[in-house]
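Each chain gets a letter, A, B and so on, in the order the sequences are listed, and its residues count up from 1.
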Number of protein chains: 2
Amino acid sequence: MFKSATLKEVATKAGVSYQTVSKVINHKANVSPETEKRIWDAIAELNYTPNYSGRSLRQQRSRTIGYTWEPSPPDQTNPILDAFLQSMFRTAEEKGYYLLCFPFHADDARMLKVYAHLWDTGRVDGFVISRLNYDEAIVPYLSGRKIPFVGFGRLEDDNCSFPYVDVDGGNGVAQAMDHLVALGHRKIAALAWPKDSRVGNNRLEGYFSGLAKAGLQSDLSLVVRGEGTSEVGFDATNYLLGLPQEIRPTAIVCMNDMMAIGAMQAIQKAGLQVGRDIGVTGFDDTPTARYLTPPLTSVSQPIPAIGETLVERLIELLETGTYPEPKCELVAPRLEVRESTASYVPTVG
Amino acid sequence: MFKSATLKEVATKAGVSYQTVSKVINHKANVSPETEKRIWDAIAELNYTPNYSGRSLRQQRSRTIGYTWEPSPPDQTNPILDAFLQSMFRTAEEKGYYLLCFPFHADDARMLKVYAHLWDTGRVDGFVISRLNYDEAIVPYLSGRKIPFVGFGRLEDDNCSFPYVDVDGGNGVAQAMDHLVALGHRKIAALAWPKDSRVGNNRLEGYFSGLAKAGLQSDLSLVVRGEGTSEVGFDATNYLLGLPQEIRPTAIVCMNDMMAIGAMQAIQKAGLQVGRDIGVTGFDDTPTARYLTPPLTSVSQPIPAIGETLVERLIELLETGTYPEPKCELVAPRLEVRESTASYVPTVG
DNA sequence: CCTGGTTAAGCGAACGTTCGCCTTAATTCA
DNA sequence: TGAATTAAGGCGAACGTTCGCTTAACCAGG
């Protein structure tokens, strides 16, 4: 391992004290132009790079951000992970920071220990956290210890007690509802997540507000809940298709793409055509959504922008000590209309 | 920001010098049992955690591993990313290391600068690299500077010039070929990647070796190349289905799942049944593979084991300075047989 | 000729460790 | 009894920075 040159070696070469070199590098110097040039020349010649450990020891900061996430189950792919991570890495690097990624542990106590260790050792200056759900233990822990963090997602009924950026899932689903209503649909079902999912409930609100806005009655027999898998979507849709004609839905709004995929399979298996006979919308705009037959209309989240915002805000918090305004932000997703909701022919009922 | 206690505070509390505390922590001490107990008690009471910067400054090592990867294009999902990262994080943590993840830059020179910066500043002790292709600039760079690294994947014709773990893609495709031949297929096509893809060519070798093993002639008009997207798979399959009956393939071996998906769509659009009329195999065993209709037979890579091995080897290299044996390793993938290759009825030709 | 203000740079100290050598007192052995 | 050995722990130094105070030289104004 070849060590890089140190301040002292640069100083010797330039004929100044090493502290002066430090000042020049940090643009805090009061030096003559000639001296400064000599110093910069020496730096270039020796290929000097400031040592990270020395710097962070002195400054008491690591310029490192910690992040972990709950891995997808082996039978699913996290469609946003790659873009989310890259956007955070890029933003951080631009500001001289890097991300330290650490493993997820399902055991809360174990997980908290890892957060604590990274902080106590001074390996990180703060955290980005995601997968916020009702029972999140990490938020009170970090808040209580005054450890800086920003969240991707918020807690239930949280009145902005910590800085976060979240997708307005309700808004997204409401957009899907508006779209379906405009196409002429009047009986619309929802495939929802279990009741203990905060994200799921938030999205589902858009379903009800969409109904209300269109002046439609909500019928709870048209709301089916389950884990967001394609099997659940398949089974739930079979159930919906078996309902009596007068209440059978002409469109199905799904809280994620996996359930939408299952719904489409069930519809096709029943001999119906997705889009013309029954409209289907998803949520996430998974990369595969556009390759399904027919391509799936889905709500798309601005993931790269979110990653960027999160990191920017955290760094600002770290460097100024105050929360940037607005402390909490809700960003609107966008509906990507495709053929799974095209060419619906309303029957005058 | 509450600082953790320091060695000195612990020492004061225990009534010894702070260097002695350090020795106790590092199990290098010659101290009486009573003193040791006093020290451990003080450590527990003050909740002391060794400072990371101080330690790495002194030891001249960061216990940090750098990793970056080429992000998937926005219309695709990297099916192995999540599992690969988590397996590396876990293994590293067990050994007291963490991963520093940094952004990918398409510009080689820019990318090299980031690697150099992370190394020169002492932020990382070594790297894991992936996406090895013919023109990989990073391998000679790191080798030349004697910077420790291990690779996921190897270079063309590389006689183990650096430590790596790679999937034996040819073996995987050969398994698929054996399977198809056993089912009675005699005319088998391949959907391959562009010629400049090392990974793609490696997989394709399994196609030719599979043909040879079965004593079948290879027909280059049955090998279609293109970017590994579902569109390419779709178009290529349409072409194959249009071939005259005597050479038209009864099975299609695809070098990834995306092309297999396109192939299945083209087959279904032509009114044929995947599995019974034409067999299709993929590669990657994407989580969605099992949810396609019909479920896709695909070659599955032991990703978590690879991540684990890579990190273990790198750490061993870092700590001992020598390459662990075997320096280079090729692991065999496994064929997951599903319905896309089921119930084929060979017609006596 | 002295004062006070710049300008340019030096210097000591500190951040929290680890490492190797040194000291002290007690013990052992001939 | 005196020298050699051992156990237990102290001490100085170093890793590479940054920070704040001091200093030396120079200059203009009274």
Under 4.0 Å, heavy atoms only, any strand: does B/Thr49 hit a base, just the sugar-phosphate, or nothing? sugar-phosphate
Is A/Asn26 near enough to D/dT18 that one of its side-chain N or O atoms lies under 4.0 angstrom from OP1 or OP2? yes
Report the distance from atom CD1 of B/Ile39 to atom C1' of D/dA8, rounded to the nearest whole Å. 11 Å
For the student: nearest non-hydrogen atoms of A/Ala5 and A/Tyr48, plus distance: O-CD1, 3.1 Å
Using only side-chain N and O atoms of A/Ser17, determine if any of them is under 4.0 Å from OP1 or OP2 of C/dA9. no
If the test is ring-ring contact (aromatic ring centres under 6.0 Å, His included), which one of A/Tyr115, A/Tyr67, A/Trp119 qualifies with A/Phe102? A/Tyr115
Starting at atom CZ of A/Arg38, determine the distance to atom C1' of C/dA8, rounded to an integer number of angstrom. 12 Å
Does C/dA9 have OP1 or OP2 under 4.0 Å away from a side-chain N or O of A/Ser32? yes
Spacing of A/Asn30 atom CG relative to D/dA24 atom P, expressed in whole Å: 18 Å
Take atom NE2 of B/His27 and atom C1' of C/dT18, then tell me their distance rounded to the nearest Å. 15 Å
Between C/dC15 (C1') and B/Leu7 (CG): distance, integer Å: 13 Å
Does A/Tyr52 reach the main-chain N or O of A/Ser62 with its side chain, forming a donor-acceptor pair under 3.5 Å? yes
Partner of A/Phe149 under ring-ring contact (aromatic ring centres under 6.0 Å, His included), picked from A/Tyr141, A/Phe162, A/Phe127, is A/Phe162
A/Ser22 side chain N/O closer than 4.0 Å to the phosphate oxygens (OP1, OP2) of D/dT18? yes
Polar contact flag, side-chain donor to acceptor under 3.5 angstrom, B/His117-A/Glu93: no
Does B/Thr35 place a side-chain N or O at less than 4.0 Å from the phosphate oxygens OP1/OP2 of D/dG9? yes
N/O-N/O pairs, protein side and nucleotides 20-22 of chain D side, under 3.5 Å:
unit_1, atom_1, unit_2, atom_2, d
D/dG20, O6, A/Lys23, NZ, 2.8

Nearest-nucleotide 5' precedence on DNA chain D, B/Leu57 against B/Tyr18: B/Tyr18
Compare side-chain N and O positions of B/Tyr48 against OP1 and OP2 of C/dT17 and report whether any pair is under 4.0 Å apart. yes
Check B/Cys160 against B/Cys328 for me: are their SG atoms closer than 2.5 Å? yes
Under 4.0 Å from OP1 or OP2 of C/dG16: is there any side-chain N or O of A/Gln60 that close? yes
Using side-chain hydrogen bond (donor to acceptor under 3.5 Å, both in side chains) as the criterion, list what pairs up with B/Glu316, not counting sequence neighbours. none
Nearest-Å distance, NZ (B/Lys28) to P (D/dG9)? 18 Å
Partners of B/Arg313 by salt bridge (charged side-chain N to carboxylate O under 4.0 Å, His left out), sequence neighbours excluded? B/Glu329
Taking OH from B/Tyr52 and C1' from D/dT17, how many angstroms apart are they, rounded to a whole number? 16 Å
Atom CD1 of A/Ile25 and atom P of D/dG16: how far apart are they, to the nearest Å? 14 Å
A/Asn51 has its side chain closest, among D/dG9, D/dT17, C/dC19, to D/dT17
Is there a donor N/O on one and an acceptor N/O on the other, under 3.5 Å, for the side chain of B/Arg58 and the base of C/dT18? yes
Look at the side chain of A/Lys8 and decide which nucleotide, out of D/dG9, D/dT17, C/dG16, has an atom nearest to it. D/dT17
